[in-house]
Amino acid sequence: MRIRIVRKWMEDIRTKTKHMNREQKWEYVLMYYWYHILLGAILLGLVILLIYHIVWGRNRKPDFTCVIVNQEVDFPRDAEIAEEFSSFSGIGAKKLSIDSDYLISYEDVRLPEANESSYEKFFFNWSSGLIDVMVLPESFYEYCLKLGGEFCDLREILPAEKLDCLEEQMNPECGQEYRRIYIEGTALEGWLQTEEGDPPVLVVPVEMKHKELSGKFLEYVLERRSE
């Protein structure tokens with residue numbers, strides 16, 4: 001139906017501008033068909049935006065992803081952490097993903113809200129290199145080690161001049177374990193719950209793809225101490 005209408009317009013224009021020169025034809029079209037042109041441009045723009053959203057928008061990956069396991073699922077809080085890290089790092093907040101939608105049961109830890117999909121999503125994203133930093137209960141960190149999970153030595157991610165901050169945050173009981181830091185006393189403490197006996201720790205999987213931003217996030221966590 002729309003094609004027939006367009007054809008009718010074109011035929012009408014050809015008939016009425018048959019004896020006009022090129023300049024006169026353009027003046028005629030702009031005078032009597034400007035609203036058709038405007039409407040067509042708007043529709044074309046909408047089609048282009050739709051195609052962009054379907055083809056590229058949904059598949060766009062963030063430049064940095066931090067997942068938070070077994071804390072309250074709180075998307076507004078996650079967005080605030082992303083905004084604060086964005087201000088610290090200078091990276092646009094839309095390029096950062098802080099995601100607490102990971103409630104996982106394992107071994108003796110059974111959460112009523114947990115589901116199998118969270119478990120599968122976590123390990124799939126980890127193995128795919130889609131996670132740059134993790135905040136995990138210490139018991140889940142140890143569970144991941146039992147499964148063969150590997151984590152970066154944080155001294156290799158932080159700049160040398162920032163290593164003193166890392167030393168201050170280490171638990172003496174860990175000896176020279178530089179693969180986890182406890183969030184108590186860091187910028188994240190004010191955002192997350194700390195459970196005595198199973199405190200949350202921050203770790204970086206070896207599969208992460210954004211080493212520089214992972215290091216920047218560690219700087220943010222260590223330098224912006226909770227009040």
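We count residues from 1, following the sequence as given.
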### Message
Is any side-chain heavy atom of F64 closer than 4.5 Å to one of V133?
### Response
yes

### Task
Begin with the C-alpha distance, continue with both residues' side-chain angles, and end with the deciding distance and a verdict on side-chain hydrogen bond (donor to acceptor under 3.5 Å, both in side chains) for S100 and D74.
CA-CA 7 Å; S100 61; D74 187 340; over 6 Å; no

#### Entry: I68 side chain near W191 side chain, heavy-atom distance below 4.5 Å
no

### Query
Looking only at heavy atoms, which two atoms of C152 and I157 are closest? And how far apart?
CB-CD1, 3.7 Å

### Task
Find out whether K211 and V204 are in side-chain contact, i.e. whether some heavy atom of one side chain is under 4.5 Å from a heavy atom of the other.
no

### Task
Using the ring of Y178 (Phe, Tyr or Trp, six-membered ring only), decide whether R155 places NZ or CZ under 6.0 Å from its centre and within 45 degrees of its axis.
yes

### Query
Is the CZ atom of F75 crowded by more than 12 outside heavy atoms at less than 6.0 Å?
yes

#### Entry: Atom pair CG/CG of N125 and L130 - distance to nearest 0.5 Å
5.0 Å

### Task
Step by step, work out the side chain to side chain contact (heavy atoms under 4.5 Å, CB included) result for K121 and D101.
CA-CA 10 Å; K121 179 176 72 168; D101 191 17; 3.7 Å; yes

### Query
How far apart are the closest heavy atoms of V203 and P205, and which atoms are they?
O-CD, 4.0 Å

### Query
Is any side-chain heavy atom of E113 closer than 4.5 Å to a side-chain heavy atom of V73?
no

### Message
Would you compute the distance between atom CD of E207 and atom CD of E150 and round it to the nearest 0.5 angstrom?
### Response
7.0 Å

### Query
Heavy atoms, side chains only, cut-off 4.5 Å: are F151 and L145 in contact?
yes

### Task
Dump the intermediate steps for side-chain hydrogen bond (donor to acceptor under 3.5 Å, both in side chains) on Y106 and S139, then the final yes or no.
CA-CA 9 Å; Y106 56 96; S139 62; 2.6 Å; yes

### Query
Shortest non-hydrogen contact from A82 to A93?
O-CB, 4.5 Å

### Message
Can you confirm if the aromatic rings of F140 and Y102 lie within a centre distance of less than 6.0 Å?
### Response
no

### Task
Could you walk me through whether R179 and L154 pass the side chain to side chain contact (heavy atoms under 4.5 Å, CB included) test, one step at a time?
CA-CA 6 Å; R179 287 175 169 77; L154 302 181; 5.6 Å; no

### Task
Compare every heavy atom of L103 with every heavy atom of Q71, then report the nearest pair and how far apart it is.
O-CD2, 3.3 Å

### Message
Once you measure the plane-to-plane angle for W126 and F122, does it fall in the parallel (<30°), tilted (30-60°) or perpendicular (>60°) bin?
### Response
perpendicular

### Summary
Shortest non-hydrogen pair, P200 vs I183, comes out as CG-CD1, 3.2 Å

### Query
How long is the span from the CG atom in L192 to the CZ atom in R77, to the nearest 0.5 Å?
5.5 Å

### Task
State, yes or no, whether a side-chain contact exists between Y220 and I81 at a heavy-atom distance under 4.5 Å.
yes

### Query
Counting only N and O atoms by type, is there a donor-acceptor contact under 3.5 Å from the side chain of T186 to the main-chain atoms of Y182?
no

#### Entry: Gap separating the CG atom of L188 from the OG1 atom of T194, nearest 0.5 angstrom
11.5 Å

### Task
For salt bridge (charged side-chain N to carboxylate O under 4.0 Å, His left out), just list the numbers for K146 and E107, CA-CA rounded to whole Å, side-chain angles, deciding distance to a tenth of an Å, and then say yes or no.
CA-CA 11 Å; K146 292 178 185 178; E107 295 186 324; 3.3 Å; yes

### Message
Return the OG to CD distance between S89 and E84, rounded to the nearest 0.5 Å.
### Response
11.0 Å

### Task
Report the C-alpha distance between T65 and M208 in whole Å, list the side-chain angles of each, state the deciding distance to 0.1 Å, and finish with yes or no for side chain to side chain contact (heavy atoms under 4.5 Å, CB included).
CA-CA 9 Å; T65 298; M208 61 83 187; over 6 Å; no

### Task
Could you check V201, V109, D198, I104 and say which one makes a side chain to side chain contact (heavy atoms under 4.5 Å, CB included) with P137?
D198

### Query
Can you find a heavy atom in the side chain of L96 that is under 4.5 Å from one in the side chain of F217?
no

### Message
When you compare the side chain of L222 with that of L158, does any pair of heavy atoms fall below 4.5 Å?
### Response
yes

### Message
Do L147 and L136 sit in one hydrophobic cluster, given that two such residues count as connected whenever their side-chain heavy atoms are within less than 4.5 Å of each other, even indirectly?
### Response
yes

### Task
Show your reasoning for whether side-chain hydrogen bond (donor to acceptor under 3.5 Å, both in side chains) applies to D99 and S97.
CA-CA 6 Å; D99 187 1; S97 173; 5.2 Å; no

### Query
Would you call E138-R180 a salt bridge at under 4.0 Å N-O?
yes

### Query
What pair of heavy atoms forms the shortest contact from D63 to L213, and how long is it?
O-CD1, 3.4 Å

### Query
Measuring from S214:OG to K209:NZ, what's the distance to the nearest 0.5 Å?
12.5 Å

